[in-house]
Amino acid sequence: MHFLLYAILFFSFKLIAAVELTFELDESEKQCFHEVIEQGVQAVVDFQVLDGGNYDVDVTLEAPTGQIIFRGIKKQADTYTWKADTTGVYSLCFSNEFSTFSHKLVYMDFEVGEEQPLPGLEEHLPQMTKMEQNSVNIHEHLNTIVDYQTHHRLMESKGRKYAEDLCDHVMYWSIAEMVVIVVIGIGQTLILKSFFSDKK
C-alpha cells in the first residue's frame, strides 16, 4: 500500500508538478513522501487532519542535507512554503507515533514549481492581447476558486464528522442517564415498599 502511494505521488508530480492525497495514518505509524526538487524551485505543502483522535499529527520536512526545514508538533492543519536551497530528495513525513489508539485521516496538497502558462500563450507572454490577458485572469481566478472549494469541502467534512461524533456522545450520555433514572426509580420503589410491608 505504501508503495502504491509513493508511485501515485511520483507520477503525479512528474505530470502536473502537484499532488493531492487523502490517506489513513494508523496508530503508532509514520508515513513519508519523497520528491526531487531542483535548486531555486518553490514548493508548497498544505495539510489538514480530517478525522481521528484530537485531529493532530507530527509533521517534519527534511532537506537532502538532512536538515529539518519544517517541524510541526501535534498540528491539526498548516501550510508551509519554501524555496529549495539545494537540488535533491526532500522528505515529508507524517507521524502518528504518539497515539496508541486512534488512527488519523490526513489530507495533503504538495505543489512543486510554478504553474505553467496556458497552452498557446507562451509566445505571446511579453505582448498579450486584451482577450489573452482576460483568459489568463479567468484561469487564475478559476484556480483560486478550486482551491477555496477544496478547503471548504475539507472543512465541511471535518465539521460533519465532528457533529456526528458529538451526536453519538449525546446519545450515549442520554442512554446512560435513562438507565440511571430507571435504576433509581426501581430502587426508590423497593425502599418505599419495604416501609409498608409487614416485618416477620
Side-chain angles (χ1 to χ4, degrees), residues 1-9 12 18-35 44-62 68-81 90-111 144-200:
M1 168 124 181
H2 293 179
F3 175 77
L4 178 62
L5 287 176
Y6 296 151
I8 292 173
L9 183 70
S12 297
V19 69
E20 290 183 77
L21 281 179
T22 301
F23 61 95
E24 288 194 359
L25 191 61
D26 291 332
E27 53 274 9
S28 303
E29 185 184 18
K30 181 178 182 180
Q31 287 194 32
C32 294
F33 304 92
H34 313 279
E35 176 60 22
V44 180
V45 170
D46 182 20
F47 68 91
Q48 182 175 341
V49 182
L50 303 178
D51 187 24
N54 293 323
Y55 299 90
D56 53 356
V57 291
D58 292 342
V59 184
T60 56
L61 180 62
E62 184 177 335
I68 302 298
I69 57 179
F70 173 75
R71 184 189 302 274
I73 305 299
K74 294 187 177 181
K75 286 277 189 176
Q76 295 184 347
D78 206 348
T79 301
Y80 181 70
T81 304
Y90 287 76
S91 301
L92 176 65
C93 296
F94 295 89
S95 173
N96 193 31
E97 294 174 318
F98 60 85
S99 177
T100 55
F101 298 105
S102 59
H103 73 278
K104 310 292 173 60
L105 185 64
V106 183
Y107 164 82
M108 176 193 69
D109 183 9
F110 199 163
E111 299 179 4
T144 303
I145 291 172
V146 169
D147 289 339
Y148 279 131
Q149 287 178 332
T150 299
H151 283 85
H152 282 303
R153 281 197 298 269
L154 293 173
M155 294 300 294
E156 188 273 336
S157 175
K158 186 175 180 179
R160 183 177 67 251
K161 179 62 179 173
Y162 183 79
E164 291 173 353
D165 291 343
L166 184 61
C167 181
D168 291 340
H169 292 157
V170 171
M171 183 183 67
Y172 296 146
W173 182 256
S174 300
I175 292 174
E177 284 186 332
M178 183 182 67
V179 170
V180 170
I181 291 173
V182 170
V183 170
I184 292 176
I186 293 174
Q188 288 179 336
T189 302
L190 294 176
I191 292 174
L192 287 173
K193 184 179 179 181
S194 67
F195 289 162
F196 301 98
S197 60
D198 294 333
K199 295 182 180 181
K200 293 183 180 179

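All values below come from the heavy atoms of this structure, side chains included, with hydrogens, waters and symmetry mates left out.
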Participant: Just verifying a value: how many Å separate Leu166 CG and Met171 CE, rounded to the nearest 0.5 Å?
Facilitator: 12.0 Å

Participant: For the pair Phe94 and Phe33, name the ring-plane relationship: parallel under 30°, tilted 30 to 60°, perpendicular over 60°.
Facilitator: perpendicular

Participant: Determine whether Phe47 and Asp78 make a side-chain contact, defined as any pair of heavy atoms from C-beta on separated by less than 4.5 Å.
Facilitator: yes

Participant: Indicate the atoms forming the closest heavy-atom contact of Gly53 with Ser102, along with that distance.
Facilitator: CA-OG, 3.5 Å

Participant: For the residue pair Phe23 and Gln31, what are the closest heavy atoms and their distance?
Facilitator: CD1-OE1, 3.8 Å

Participant: Under a 4.0 Å N-O cut-off, is there an ion pair linking Asp58 with Arg71?
Facilitator: no

Participant: Is there a side-chain contact between Leu61 and Ile68 in this structure, where contact means two heavy atoms from C-beta onward sitting under 4.5 Å apart?
Facilitator: no

Participant: Search all heavy atoms of Ser99 against all heavy atoms of Lys104 and return the closest pair with its distance.
Facilitator: CB-NZ, 4.4 Å

Participant: Quick check: do Thr79 and Val44 have side-chain heavy atoms less than 4.5 Å from each other?
Facilitator: yes

Participant: Using a 4.5 Å cut-off on heavy atoms from C-beta on, say whether the side chain of Ile69 contacts that of Tyr90.
Facilitator: yes

Participant: For Glu20 and Tyr107, test the side chains for any donor-to-acceptor distance below 3.5 angstrom and give the result as yes or no.
Facilitator: yes

Participant: Give, for atom CZ of Arg153 and atom CG of Leu50, the distance between the pair rounded to the nearest 0.5 Å.
Facilitator: 12.0 Å

Participant: Search all heavy atoms of Ser95 against all heavy atoms of Leu25 and return the closest pair with its distance.
Facilitator: C-CD2, 3.8 Å

Participant: Working to the nearest 0.5 Å, report the span between OG1 of Thr60 and CD1 of Ile73.
Facilitator: 8.5 Å

Participant: Can you find a heavy atom in the side chain of Tyr55 that is under 4.5 Å from one in the side chain of Lys161?
Facilitator: yes

Participant: Mark yes or no for whether Ser194, through its side chain, and Ile191, through its backbone, hold a donor-acceptor pair below 3.5 Å.
Facilitator: yes

Participant: State whether the side chain of Glu29 and the backbone N or O of Asp26 hold a donor-acceptor pair below 3.5 Å, judged by distance alone.
Facilitator: yes

Participant: Would you say that Val57 contacts Val59 through its side chain, given a criterion of any heavy-atom pair below 4.5 Å between the two side chains?
Facilitator: yes

Participant: Using modelled atom types only, decide if a donor and an acceptor are shared between the side chain of Gln76 and the backbone of Asn54 within a distance under 3.5 Å.
Facilitator: yes

Participant: Measure the spacing between CD of Gln48 and CG of Asp46 and express it to the nearest 0.5 Å.
Facilitator: 7.5 Å

Participant: Looking only at heavy atoms, which two atoms of His103 and Glu24 are closest? And how far apart?
Facilitator: CD2-OE1, 4.1 Å

Participant: Do Thr22 and Val106 come within less than 4.5 Å of each other through their side chains, counting heavy atoms only?
Facilitator: no

Participant: So, do Leu92 and Met108 sit near enough that their side-chain heavy atoms are less than 4.5 Å apart?
Facilitator: yes

Participant: Measure from NZ or CZ of Lys74 to the centre of the six-membered ring of Phe98 and say whether it is under 6.0 Å with the direction within 45° of the ring axis.
Facilitator: yes

